[in-house]
Amino acid sequence: MLDRITASLPSLAPAEQRVARLVLADPRAFASRPVRELAELAHVSKPTVVRFCRSMGYDGLADFKLKLAGSVSEGVPFIHRSVDADDKTSDVLVKVVDNSVAAFLAYRNAASTTALEAASSAIVATWQAGKRIEFYGVGNSGIVAQDGQHKFFRLGVTSLATSDGHMQVMSATMLGAGDCAIVISNSGRTRDLMDATDIAKRNGATTIAITASGSPLARAANIHLAADHPEGYDRYSPMVSRLLHLLILDVLATSVALRIGEPLQPVLQQMKDNLHAKRYT
């Protein structure tokens with residue numbers, strides 16, 4: 001992002017160049033300051049700051065600062081260093097947490113909103129038709145599938161989750177038009193998941209894959225939600241891919257809840273009241 005700003009300097013107006021140099025001098029500070037301070041430091045008007053951001057291809061200052069903060073965070077030195085045997089607890093804390101945060105920011109900046117909207121629409125259509133939504137995964141992804149089932153069950157969507165290959169094939173066989181299968185895999189190459197996806201799709205169900213770009217599973221599904229985080233065991237990343245999958249499911253569940261809207265509110269309130277009544281005082 002900073003390289004692109006540098007390359008664009010000659011084509012910018014003099015006032016916008018001053019804003020660009022302010023970004024390049026201290027990206028972190030730029031991302032955290034209000035427009036009034038930025039304008040004063042660059043000796044330009046507030047509209048000029050916004051105009052610079054738009055000239056760089058962003059919707060405005062807020063969008064530019066959000067992407068800038070994400071880019072800076074992805075460049076945190078600790079993120080690309082392995083966890084060493086002589087690390088102090090404080091070092092491990094920073095490395096593991098920063099690695100997770102960087103993965104989330106990278107996903108946010110690269111995610112396809114078109115694919116997310118298509119997946120949300122398919123799930124809402126399943127809910128409206130009273131059909132089934134099923135979650136498939138193995139290993140860590142199987143745990144994510146269980147969590148996904150729990151999230152959507154709370155929305156009143158008939159759902160189940162399974163991490164057993166035989167059960168996935170049998171369950172996919174019973175899916176049909178209007179049903180939806182969400183298949184979760186970090187590698188996108190697990191045979192059982194591929195078989196279940198092919199069967200569900202052949203039977204007319206909508207298949208949504210949360211997996212790596214370019215994988216067989218990504219190509220097989222109707223809708224692909226890219227989750228690109230290669231496993232590097234020296235960076236403690238197995239848990240990161242699982243957290244990334246959970247994050248994507250959170251985005252989906254929230255989008256679906258907003259689309260369902262008012263009909264969902266009394267159900268959620270009743271759930272909350274019932275759960276509250278079960279707590280010990």
Side-chain angles (χ1 to χ4, degrees), residues 74 79-83 95-112 114-116 118-119 122-123 133-152 159-173 175 180-203 205-253:
E74 288 174 42
I79 290 173
H80 302 292
R81 285 172 49 190
S82 62
V83 176
K95 289 180 180 181
V96 172
V97 172
D98 281 2
N99 189 25
S100 300
V101 171
F104 295 161
L105 291 170
Y107 171 74
R108 183 203 64 192
N109 292 339
S112 167
T114 301
L116 285 166
I123 294 169
I133 177 171
E134 301 193 349
F135 295 83
Y136 304 150
V138 296
N140 276 336
S141 298
I143 299 172
V144 176
Q146 295 286 343
D147 188 81
Q149 188 270 341
H150 175 70
K151 290 180 190 303
F152 284 90
S159 58
L160 65 83
T162 176
S163 57
D164 178 82
H166 288 84
M167 286 294 296
Q168 289 164 359
V169 169
M170 288 189 289
S171 192
T173 303
L175 293 180
C180 187
I182 298 180
V183 189
I184 306 155
S185 172
N186 190 55
S187 68
R189 300 178 184 279
T190 305
R191 184 72 208 183
D192 288 340
L193 293 177
M194 285 295 302
D195 289 343
T197 302
D198 288 338
I199 293 168
K201 187 177 178 181
R202 206 161 52 233
N203 288 347
T206 300
T207 54
I208 302 170
I210 300 176
T211 190
S213 299
S215 65
L217 181 59
R219 294 192 295 269
N222 297 111
I223 302 170
H224 172 224
L225 302 179
D228 296 312
H229 185 78
E231 299 286 16
Y233 294 97
D234 60 335
R235 285 172 53 192
Y236 191 76
S237 58
M239 184 63 73
V240 176
S241 61
R242 176 175 159 189
L243 292 174
L244 181 58
H245 294 157
L246 289 170
L247 176 72
I248 295 171
L249 285 174
D250 272 345
V251 173
L252 272 182

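Legend: residues meeting salt bridge (Lys or Arg N to Asp or Glu O under 4.0 Å) with D198, ordered by chain and number and at least two apart, are absent. Partners of T162 under the side chain to side chain donor-acceptor pair (under 3.5 Å) rule, at least two apart in sequence or in another chain, do not exist in this structure. Shown here are the salt bridge (Lys or Arg N to Asp or Glu O under 4.0 Å) partners of D147, two or more places apart in sequence or in another chain: K151.
To the nearest 0.5 Å, atom CG of residue L160 and atom OG of residue S171 are 4.5 Å apart. To the nearest 0.5 angstrom, S112 atom OG is 10.5 Å from I223 atom CD1. Separation of atoms CD1 (I248) and OH (Y107) is listed at 4.0 Å; rounding is to 0.5 Å. Taking CG of L116 as the reference point, atom CD1 of I208 lies at 10.0 Å (rounded to 0.5 Å). To the nearest 0.5 Å, atom CD1 of residue I184 and atom CG of residue L249 are 5.0 Å apart.
Counting only distance, with no hydrogens or angles, the side chain of N203 and the backbone of A205 share no donor-acceptor pair below 3.5 Å. One N or O on the side chain of R219 and one on the backbone of G214 form a donor-acceptor pair closer than 3.5 Å. K201 contributes no side-chain N or O that, together with a main-chain N or O of T207, makes up a donor-acceptor pair within less than 3.5 Å. A donor-acceptor pair under 3.5 Å is formed between the side chain of T211 and the backbone N or O of G188. Panel note: side chain T190, backbone L193; no donor-acceptor pair is recorded below 3.5 Å. Checked by atom type and distance alone, the side chain of Q168 pairs as donor or acceptor with a backbone atom of G137 at under 3.5 Å.
Here the side chains of L244 and F104 are in contact, with some heavy-atom distance below 4.5 Å. L225 places none of its side-chain heavy atoms less than 4.5 Å from the side chain of V251. You'll find the side chain of D192 stays beyond 4.5 Å of the side chain of Y136, heavy atoms only. Taking the side chain as every heavy atom from C-beta outward, N186 and H245 approach each other to under 4.5 Å. When side chains are defined from C-beta on, I182 counts as touching I133, because their heavy atoms get closer than 4.5 Å.
Here the closest non-hydrogen pair linking M194 and A220 is CE-CB, 3.9 Å. Scanning all heavy atoms of the two residues, the minimum distance from A145 to A161 falls at O-CB, 3.4 Å. For the pair A172 and A196, the tightest heavy-atom approach, listed with the atom from each and the gap, is CB-O, 3.4 Å. Of all non-hydrogen atoms in P216 and R189, the two that sit nearest each other are CD-NH1, 3.5 Å. The two atoms that bring S141 and S185 nearest to each other are OG-CA, 3.6 Å, heavy atoms only. In this structure, S187 and S215 approach most closely via the heavy-atom pair O-CB, 3.4 Å.
Between the side chains of S213 and D228, at least one donor-acceptor pair of N or O atoms lies under 3.5 Å.
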